[in-house]
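Worksheet: one structure, shown below.
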Amino acid sequence: MSLKKILTIAGSDTSAGAGMQADLKTFQEYNTYGMVALTAVVAMDPETWSHDVTPLPIELLDKQIKTALSIGPDAIKTGMLGTEEIIERAAKAFQDSNAQYFVVDPVMVCKGEDEVLNPGNTDAMIKHLLPLATVVTPNLFEAGQLSGLGRLTSIEDMKRAAETIHNRGAKHVVIKGGKALESDKALDLYYDGKTFTLLTTDKFQSSYNHGAGCTFAAATTANLALGKSPREAVIAAKGFVASAIKHGWKMNDFVGPVQHGAYNHVEKIDVATEEV
């Protein structure tokens, strides 16, 4: 028996709700084989839960990537890429691989933090990652940064941002409206360069959503590796993460993670689609 192999180039979330830990849990739920090239370690102050991000030396990242590429990933996903140099190295990893799919989760801040990890990273993502991306999965803030349009507050804003990001090289764009849009539904917008598709589920009023973005991108990557089209992959990922959010749980007084296995083990949530 042979499993599809997926490499995530991402940071470590010590609380294990997000980052490479969320990626590996998600890959496992899809019966795919996850590998990691670690870019950074994120620790939290137990008293305040403020984040301390420590990038790993680029030489160590290089060694990890060389190991993973020798195994032959079928797909590669990126997560937290803390410096411009790491962003360039992640792009080169895909170019040096035989992977068919490259999913870019353009992480710019840690959930619960407002400070952008490195303002120069946005330009580096636009230059090095978007032209290679099979799918890019920004949230509203990240889409505003990657498109240069700033704050996005409506479906029309999301459409303009998606067009701009697609024109900058990404083959498929899905902008996560999440809980930020004024709607009683959880709305994401998918764009393939021709058609805009609105992806809709119920909006679950859960504050236990740590790791949702990482999980969505990881599920998209796994679905691609298993043979789904990009459109099918993001729709399936939307249902997967909706279940994970609905059944999230309280970890401590500061945070609650999504339940990564909820779609397979608790409840499957359907996704409505509509061209807009």
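Cluster annotation: V271 and Y30 are assigned to distinct hydrophobic clusters (Ile/Leu/Val/Met/Phe/Trp/Tyr, side-chain heavy-atom contacts under 4.5 Å, transitive). F94 and I58 end up in the same hydrophobic cluster when Ile, Leu, Val, Met, Phe, Trp and Tyr side chains are linked at under 4.5 Å. By the criterion of side-chain heavy atoms lying less than 4.5 angstrom apart, applied directly or through intervening Ile, Leu, Val, Met, Phe, Trp or Tyr residues, L199 is not grouped with V173; the two fall into different hydrophobic clusters. Residues M35 and F27 are members of separate hydrophobic clusters, defined by side-chain heavy-atom contacts under 4.5 angstrom among Ile, Leu, Val, Met, Phe, Trp and Tyr. Under the 4.5 Å side-chain heavy-atom criterion for grouping Ile, Leu, Val, Met, Phe, Trp and Tyr, L24 is not connected to I71 through any hydrophobic cluster.
Separating the CG atom in N121 from the CE atom in M108 is a distance of 8.0 Å, to the nearest 0.5 Å. The distance from atom CG of L140 to atom CG of L181, rounded to the nearest 0.5 Å, is 5.0 Å. In this structure, CG on L152 lies 6.5 Å from CD1 on I175, to the nearest 0.5 angstrom. Of the inter-residue distances, the one linking D23 atom CG with M20 atom CE reads 9.0 Å to the nearest 0.5 angstrom. In this structure, NZ in K246 is found 7.5 Å from CG in D202, a value given to the nearest 0.5 Å. From E47, atom CD reaches atom CH2 of W49 across 11.0 Å, with rounding to the nearest 0.5 Å.
Under the side chain to side chain contact (heavy atoms under 4.5 Å, CB included) criterion, Y263 pairs with F240, S243, K268, not counting sequence neighbours.
Sorted by first and then second residue, the ring-ring contact (aromatic ring centres under 6.0 Å, His included) pairs with a member in residues 143-169 read H166-Y191; sequence neighbours excluded.
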Subject >> Criterion side chain to side chain donor-acceptor pair (under 3.5 Å) on T200 and E274, from CA distance to verdict >> reply: CA-CA 8 Å; T200 305; E274 177 188 4; 5.9 Å; no
Subject >> Steps toward side-chain contact (heavy atoms from CB on, under 4.5 Å) verdict (L56, L61) >> reply: CA-CA 7 Å; L56 298 185; L61 177 61; 5.9 Å; no
**OP:** Dump the intermediate steps for side-chain contact (heavy atoms from CB on, under 4.5 Å) on T32 and L226, then the final yes or no.
**Re:** CA-CA 8 Å; T32 58; L226 291 170; 3.9 Å; yes
Subject >> Chi angles and distances behind the side chain to side chain donor-acceptor pair (under 3.5 Å) call for H260, E29 >> reply: CA-CA 8 Å; H260 298 89; E29 288 297 322; over 6 Å; no
**OP:** Just do the side chain to side chain donor-acceptor pair (under 3.5 Å) check on H51 and D45 with the steps written out, would you?
**Re:** CA-CA 7 Å; H51 293 60; D45 182 333; over 6 Å; no
Subject >> Verdict with supporting geometry, R160 and E163, salt bridge (charged side-chain N to carboxylate O under 4.0 Å, His left out) >> reply: CA-CA 5 Å; R160 287 192 291 272; E163 281 186 310; over 6 Å; no
Original post:
Given V136 and L130, is the side-chain contact (heavy atoms from CB on, under 4.5 Å) satisfied, shown in steps?
Top reply: CA-CA 7 Å; V136 61; L130 293 189; 3.9 Å; yes
Subject >> side-chain contact (heavy atoms from CB on, under 4.5 Å) between K171 and V135, intermediate numbers included >> reply: CA-CA 6 Å; K171 298 175 186 66; V135 181; over 6 Å; no
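Proximity of a side-chain donor or acceptor of R168 to a complementary backbone N or O of L146 within less than 3.5 Å is detected. Formation of a donor-acceptor pair under 3.5 Å by the T8 side chain with backbone atoms of V36 is not found in this model. Put simply, the side chain of T39 gets close to the backbone of A10: a donor and an acceptor are under 3.5 Å apart. With D13 contributing its side chain and A18 its backbone, the two residues share a donor-acceptor pair below 3.5 Å. In this structure a side-chain-to-backbone donor-acceptor pair under 3.5 Å is missing from N209 to A212. Checking side-chain atoms of Q64 against main-chain N and O of L38 turns up a donor-acceptor pair under 3.5 Å.
A heavy-atom distance below 4.5 Å is not found between the side chains of K77 and L7. Residues D123 and M125 are not in side-chain contact: their nearest non-hydrogen atoms beyond the backbone lie 4.5 Å or more apart. Counting only heavy atoms from C-beta outward, the side chains of S12 and Q21 approach each other to under 4.5 Å. Side-chain atoms of T221 and Y101, non-hydrogen and from C-beta on, never get closer than 4.5 Å to each other. At least one side-chain heavy atom of V266 sits less than 4.5 Å from a side-chain heavy atom of Q259. Using a 4.5 Å heavy-atom cutoff, the side chains of K25 and V258 are not in contact. Considering only heavy atoms from C-beta on, V42 stays 4.5 Å or farther from D52 through its side chain. The closest side-chain heavy-atom distance from P106 to T122 is not below 4.5 Å.
A 6.0 Å sphere centred on NZ of K159 holds more than 12 heavy atoms belonging to other residues, nucleotides or ligands. The number of heavy atoms from other shown groups lying within 6.0 Å of CG (N252) is above 12. Y33 OH: 12 or fewer foreign heavy atoms inside a 6.0 Å radius. The environment of K5 atom NZ is dense: over 12 non-hydrogen atoms of other residues, nucleotides or ligands sit within 6.0 angstrom.
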Side chains of residues 83-93: which donor-acceptor pairs under 3.5 Å do they make with residues two or more places apart or in other chains?
residue, atom, partner, partner atom, Å
T83, OG1, I86, N, 3.1
R89, NE, D62, OD1, 2.3
K92, NZ, D96, OD2, 2.6

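D184 has no carboxylate O lying under 4.0 Å from a charged side-chain N of K203, or vice versa, which leaves the two without a salt bridge. Between D188 and K238 there is a salt bridge, since at least one side-chain N of the basic residue sits less than 4.0 Å from a carboxylate O of the acidic one.
F216 pairs with exactly one of D105, V103, T137, I245 by the side-chain contact (heavy atoms from CB on, under 4.5 Å) rule, that one being T137. Applying the side-chain hydrogen bond (donor to acceptor under 3.5 Å, both in side chains) test between Y190 and each of R231, E275, H172 identifies H172 as the sole match.
Of all non-hydrogen atoms in N223 and A236, the two that sit nearest each other are ND2-CB, 3.6 Å. Listed here is the closest heavy atom pair of I6 and A222: CD1-CA, 3.6 Å. For the residue pair A219 and T26, the shortest heavy atom distance occurs at N-CG2, 3.5 Å. Between I65 and A37, the shortest heavy-atom distance links the atoms CG1-CB, 3.8 Å. Scanning all heavy atoms of the two residues, the minimum distance from M44 to S15 falls at CE-OG, 4.0 Å. Shown here for T78 and V104, the closest heavy-atom pair between the two residues is OG1-CA, 3.4 Å.
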